[in-house]
Number of protein chains: 2
Amino acid sequence: MTVPSASRRDRKKAATRQAIADAALQLFLERGYDQVSIRDIADAADVSTATVFKHFSGKEALVFDQDEDRESQLIAAVRQRPSGQSIPDALRHHILDTWPSIEAHPQAAEFTNLVNSTPVLRAYAERMWTRYTDSLSAVIADEFGVDHDNLACVALARFVLEIPVLARGRQDRRAAVEAIFDILTHGWEPPSKPPAQ
Amino acid sequence: MTVPSASRRDRKKAATRQAIADAALQLFLERGYDQVSIRDIADAADVSTATVFKHFSGKEALVFDQDEDRESQLIAAVRQRPSGQSIPDALRHHILDTWPSIEAHPQAAEFTNLVNSTPVLRAYAERMWTRYTDSLSAVIADEFGVDHDNLACVALARFVLEIPVLARGRQDRRAAVEAIFDILTHGWEPPSKPPAQ
DNA sequence: GTAGAAAAGTGCAACGACTCTACTTAGCGA
DNA sequence: TCGCTAAGTAGAGTCGTTGCACTTTTCTAC
């Protein structure tokens, strides 16, 4: 995945970080998030608690280890879209392309279950997405040459970033993503009543 | 506002709660959220720290005292809308009607400033709104006779509940609310480039 | 190679939010 | 008047998180 790292120092640093993240995930899956303390994790990874916080900003961040550069990917998807493609289309494709690979790694089911069953983790996951609102809306506004806080651009960014949250847990996620983009681009319409069964 | 309360016990309970909330707000506005501890608040209100947590679920809840029954108001706005009015319209009117009154009480500016300048409070405020997604979408789905987790209904609920967050801080909030509802009902359109100035 | 800067890690004390438990107090209903 | 119950208290304890002074490891430049 990542380059074997330049220096020995960097390699060791990465190894400690990984050891902590691994220990944390294993313990969380075993006992549940709230039943694991930072001290437990530090002990399992054979480091001090201070070291844990040198590598991770907080307890929740231990769970969402790999999700870092989604922000830059998001911005790139807008900036480097094929000419002629609309921004909503570019975002739609980006979400459909990159998302399944994230969900496809082993333990995905257990992991999803862990997050969904722990309120503080649900909240953190939602915030992870919406935190990008500012930078995404700034890029969109840039593409149109309007102010960075242009309302339409901020709204689009925010709504698009809600889509993964809304589609999470659906049986057919791709269809859900498409359907929500449809609402955004063509306007909301009342749902059709299903044939009474 | 509220009925003088039945029993003496209930009156005293309400008084204690109010004393805590008042002390908290005053201290927060004076020193800032992070510079006030629960102990400070308890001392100022002349109660024990345990009592604070008997009345409020956590430190953040001390700030958002009065905002309780927004959820039921929201649901009522959908359920009791004039016949012939669409649900998005009902929600639009409800937000435009009830919201200014909340922001119009004295200290509004200081209060808004307090929330906006404290990250943990911003996060809490946003979650307050989106927490109602489930119940609002359930009502909407009910009105159409579809499943409670119908995607279009959940998406509408979620997006509508984002509107106050998005409109916060705009110079003309009413116009912002209208504009975002326009996006939701008619579809998103690229912003028009302003005349280069 | 070796000295010394720089960074990673440690151990410990401390703070603040929050919980728990056992206890007192005060209102309420008979 | 006698309990019952709910509100409040004191105090100890847990847990996340930070700060500090210190040791160890690795890198860099001579």
Side-chain angles (χ1 to χ4, degrees), chain A residues 3-25 27-28 30-65 114 118-124 127, chain B residues 3-25 27-28 30-65 114 118-124 127:
Chain A
V3 176
S5 271
S7 59
R8 171 196 244 96
R9 185 137 72 187
D10 286 356
R11 247 177 293 128
K12 290 213 166 183
K13 184 177 179 181
T16 340
R17 183 194 168 92
Q18 195 58 44
I20 296 169
D22 289 349
L25 185 58
L27 289 174
F28 286 154
E30 270 176 29
R31 305 187 209 157
Y33 182 78
D34 292 320
Q35 277 60 56
V36 178
S37 76
I38 297 285
R39 274 119 180 157
D40 294 337
I41 296 166
D43 287 351
D46 200 33
V47 295
S48 74
T49 69
T51 302
V52 173
F53 290 105
K54 286 251 170 67
H55 286 276
F56 298 91
S57 58
K59 193 179 178 186
E60 302 103 324
L62 284 162
V63 177
F64 301 97
D65 189 14
L114 171 70
T118 312
V120 57
L121 290 183
R122 280 186 58 92
Y124 188 88
R127 271 191 70 66
Chain B
V3 176
S5 272
S7 58
R8 172 196 243 95
R9 187 136 74 183
D10 285 356
R11 248 177 292 127
K12 290 212 165 184
K13 183 178 178 180
T16 316
R17 183 195 167 92
Q18 195 58 43
I20 296 170
D22 289 349
L25 185 58
L27 289 174
F28 286 154
E30 270 176 28
R31 304 188 210 158
Y33 182 78
D34 292 319
Q35 277 61 56
V36 178
S37 74
I38 298 286
R39 252 215 147 76
D40 295 336
I41 297 166
D43 288 351
D46 200 33
V47 296
S48 74
T49 68
T51 303
V52 174
F53 291 107
K54 285 248 170 69
H55 286 277
F56 298 91
S57 58
K59 193 179 177 184
E60 302 102 324
L62 284 162
V63 177
F64 302 97
D65 188 13
L114 172 68
T118 313
V120 58
L121 290 182
R122 280 186 59 92
Y124 189 87
R127 270 192 71 65

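Quick caveat, the model's predicted, so the values are computed rather than measured. Here is the naming used below: chain letters follow the sequence lines, and residue numbers restart at 1 for every chain.
The CZ atom of B:Phe56 sits 15 Å away from the C1' atom of D:dA7 (whole-angstrom rounding). Separating the CD1 atom of B:Ile20 from the P atom of C:dA17 is a distance of 15 Å, rounded to the nearest angstrom. Here C:dA8 presents its C1' atom at 15 Å from CZ of A:Arg11, a figure rounded to the nearest Å. If you measure from atom CZ of A:Arg17 to atom P of C:dA7, you get 18 Å, rounded to the nearest angstrom.
Across all their heavy atoms, B:Ala21 and B:Phe56 have their closest contact at CB-CZ, 4.0 Å.
Taking only side-chain nitrogens and oxygens, A:His55 comes nearer than 4.0 Å to OP1 or OP2 of C:dG9. The side chain of A:Thr51 contributes no N or O atom lying less than 4.0 Å from OP1 or OP2 of C:dA8. Residue B:Ser48 places at least one side-chain N or O under 4.0 Å from the OP1 or OP2 atom of D:dT9.
Here A:Glu30 contributes atom CD and A:Leu25 contributes atom CG; the two are 10.0 Å apart, rounded to the nearest 0.5 Å. With rounding to the nearest 0.5 angstrom, the CG atom of A:Leu62 is 11.0 Å from the CG atom of A:Asp22. Rounding to the nearest 0.5 Å places NZ of B:Lys13 at 6.5 Å from NE2 of B:His55. A distance of 4.5 Å separates CZ in B:Arg17 from CG in B:Asp65, rounded to the nearest 0.5 Å.
Residue-level contact check: A:Asp46 touches the backbone only, with heavy atoms under 4.0 Å from sugar-phosphate atoms and none from bases.
A cation-pi arrangement is present between A:Lys59 and A:Tyr33, with the terminal nitrogen or guanidinium carbon under 6.0 Å from the aromatic centre and inside a 45° cone about the axis.
Residue B:Arg39 qualifies as open at atom CZ: its count of foreign heavy atoms under 6.0 Å is 12 or below.
Taking the six-membered ring where the residue is Trp, B:Phe64 and B:Tyr124 present parallel rings, their angle staying beneath 30° rather than reaching 60°.
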One character per nucleotide, please: for nucleotides 20-29 of chain C, 5' to 3', B when the base has a protein heavy atom closer than 4.0 Å, S when only the sugar-phosphate does, - otherwise.
------BBS-
Starting at the 5' end of nucleotides 12-17 of chain D, put B wherever the base has a protein heavy atom under 4.0 Å, S where only the sugar-phosphate does, and a dash everywhere else.
---BBB
Determine, step by step, whether B:Lys54 and B:Thr16 satisfy the side-chain contact (heavy atoms from CB on, under 4.5 Å) criterion, reporting the C-alpha distance in whole Å, the side-chain angles of both residues, the deciding distance to 0.1 Å, and the verdict.
CA-CA 11 Å; B:Lys54 285 248 170 69; B:Thr16 316; over 6 Å; no
